[in-house]
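Below, read A as the first sequence line, B as the second, and so on, with proteins coming before strands; counting in each chain starts at 1.
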2 protein chains.
Amino acid sequence: MPGTVEDSSVEIAIVGGGIIGLALAAGLIKHDVKVKVYEQAKSFREIGAGMAFTSNAIQCMNLMNPDIVSALRSGGSVPTSFDSNDPNDYLRWMDGHNKRRKDDPSYQKMLGKLSAGYKGFEGTRRDQFLEALVKIIPEEIVELRKRLDDIEETGPDGRLRLNFTDGTSAQADAVIGCDGIKSRVRELIFGEDNPISHSHYTHKVAYRALVPMEKAIEALGEYKARNQHTHFGPNAHIIHYPVASQTMINVAVFISDPGEWPDDMVTVVPGLRKDLEDTFADWHPCLNALIQHFPEKIEKWAVFDMWDYPAPYYNKGNICLAGDAAHASSPHHGAGACCGIEDALCLCTLMCQVNDTLRGNKSAATEKNAALCAAFEVFDLMRRTRSQWLVNSSRRACDLYQQPEWGDETKWTKAETCFEELQDRSYKIWRFDYNGMIKRTVEEYEKRIPKTKN
Amino acid sequence: MPGTVEDSSVEIAIVGGGIIGLALAAGLIKHDVKVKVYEQAKSFREIGAGMAFTSNAIQCMNLMNPDIVSALRSGGSVPTSFDSNDPNDYLRWMDGHNKRRKDDPSYQKMLGKLSAGYKGFEGTRRDQFLEALVKIIPEEIVELRKRLDDIEETGPDGRLRLNFTDGTSAQADAVIGCDGIKSRVRELIFGEDNPISHSHYTHKVAYRALVPMEKAIEALGEYKARNQHTHFGPNAHIIHYPVASQTMINVAVFISDPGEWPDDMVTVVPGLRKDLEDTFADWHPCLNALIQHFPEKIEKWAVFDMWDYPAPYYNKGNICLAGDAAHASSPHHGAGACCGIEDALCLCTLMCQVNDTLRGNKSAATEKNAALCAAFEVFDLMRRTRSQWLVNSSRRACDLYQQPEWGDETKWTKAETCFEELQDRSYKIWRFDYNGMIKRTVEEYEKRIPKTKN
């Protein structure tokens, strides 16, 4: 029966069934918010890259829906550290280039070691986590093979129609774009020709490889192979950490490239191990040895982000952007997905607020729309500053990892003064005050939509 | 009588009678540490530039010796804000270049406003503060016209002889170099030909002027004239704040200069108002108007700091560096002197610890030397990271104030994403945990020189 309590609650459409879209859906379901997820792919199979979440981001997941944490752990946690004497996780920053002891080329200086605490990071394979997330979401919530073409208003009440490229459509009271770095929702908000609608080249290329543990130990030694390390040097850096229950290590190599990478060019092109051998020829011998275990032909990725043209707002009426769609970052803090999880927690909080507003009211549809628009306005207020800071900070961190000064003996002291800043930036990510965010989110929403007395 | 309790206490020589040297001397005197200050000038007359201390730095002064705070305030506090409705101090960041409203060239966007709290800053004239500091220090403590030439060990007990250029000398158990950016003590530690011994060009030039309040109000309007503001723009920025009981404003202009400035060239050269008029021709009209009140001929300063070649250590045996001698910074956080005051508090804490160690012991001179060397080692540990961070951060802040993006309408959003970082950096300076520093300083000292049971 129209006009009843049931009917007044909001219906949310999430565009994009990646980690953030599905985690948000799981959060909304847990809090009885009606939601549908539209994913363009025909299945959830994704590339099997590793990703790690901070304990802080896992707390955010837990607040949305503890099943998300179970899903994360169901694939088996992948520790980034493996030291029987020390249960904490660390970032370990190594001098990757220089030979500090001329008499001992095998010596490698540890430049810094930053504790993230017990279970400071929990790693997973992206595909495994996604698969587990799908399982905690009722089947009817997700529609696959739905590639968004356009969003239009259906009438004065603000209700939206999502038109898909297959000619079908769907309706919702609000749309949340979780459709990643190449977001269609972002294009629809800012226009296809607007540079804001596209990510841009960070002037870094990346190579990734998996190396069997015994080979890694041969090259790096047991301790380095079994624990996360980042090796700094002039205009490049290498990060590696154990995966697959310590049977392999995942190695990512990032190299500065002053050249351009056209926006319309594919971001993955064929590369050669030979190029890496040349780049790292005068680096520490353990890294030369490690590279020898890469395949001869290896893909080269151009790293893109939204640093050049950040979005001036994440909301437009009852449409908003979250996760990479809003603030695609380079991966140098390893925190892009954590930031998206913070977004999801904020949105989950807000959608509960909207339903609270509407519950018990025979609310007109326009009131619903006003509540949703206010909620997304608060989302923009709460999330844009921090998430755009992260995009900037990831760029800055990479600049510090890759200081040209690492290659100049007279500048080593100068280069090492970067660690206080790297520590501050890491702590800002790891120690996010999510309870404070939730509190202020509710306060800001109530400023805009005061509580009605039932 | 040698070997008594009295004789075992340390004698400290401070080289340099600037703000930090005298504040440290005042702190040591208050805690009954024997000290002498050697200043090369024939008097304490100094240039009358304004300087401000954070409430945090004033707390540090208070812990050393409340008379330092009285001295600061004796010249009359110079508020950087003047708003009868709001007792707090702020940093106010203005869009100095762009015309955000094409229909209204007088419009100037406030980009950010950061509260430093009630009495967040207290300003003073450098010469007035110095004069007041001299008054709280017994006359016999300070020797003028003593230009340090060399420091030598007098024997195996580590006692030092300071040789001055006038042929005289003095002895002390330890030397603390508070002799500023052109520190002789730093030269003696690292060698005259070492780049660490010298400051280097920051690629910014500065101009300073005092403008009468009524002229400032004419140009800027009442509110801006009476309160601290910084105007950002491409490759330059302007900061101004009221001085002399709101009868004048002090204006500092900083302009990027990609060129070089030889280390041996004087850092102050003649400049022209005309050059400023050209640089700021397309900036906001209020700034063009303000510059009209500068003198036609105006000195141009090259800004130098220790960013390029930071000191790898601040201590060498029983000699150490503090304040600008250790970490001369560009002035863009306005916090160089505050950081020196933190140094002084740390040293004051340590010298008390050393005397505690020696007190009641018929201590051999070598024990005294060991205690002093340990104390300076702890000083280096406690202070180097933060103070070198400040040098870097001041450079970084200036880069953000002067982003070329402020001059490009399509990049304004990007430029504005800097404020989260500027806020974090300001808070790190303003919210220094001095109690934590004192606690850890004592702990680290006691690790090296365990407490003896009397």
Any side-chain donor-acceptor pair under 3.5 Å between [X] and [Y]?
X	Y	result
B/Asp103	B/Tyr107	no
A/Lys182	A/Ser199	no
A/Lys204	A/Ser330	no

What part of [X] gets within 4.5 angstrom of chain B, counting heavy atoms only: side chain, backbone, both, or neither?
X	value
A/Ser393	neither
A/Trp412	neither
A/Asp424	side chain
A/Lys411	side chain
A/Arg384	neither

Charged N to carboxylate O below 4.0 Å: is that the case for [X] and [Y]?
X	Y	result
A/Arg425	A/Glu421	yes
B/Glu377	B/Lys316	no
B/Arg440	B/Glu443	no

Item checked: chain B contacts, top residue of A/Gln388, A/Arg396, A/Lys428, A/Arg386 (heavy-atom pairs, under 4.5 Å) ->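 Ranked by contacts with chain B, first place is A/Arg396.
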
Item checked: Among A/Thr410, A/Val391, A/Thr385, A/Thr417, residue most engaged with chain B (heavy-atom pairs, under 4.5 Å) -> A/Thr417

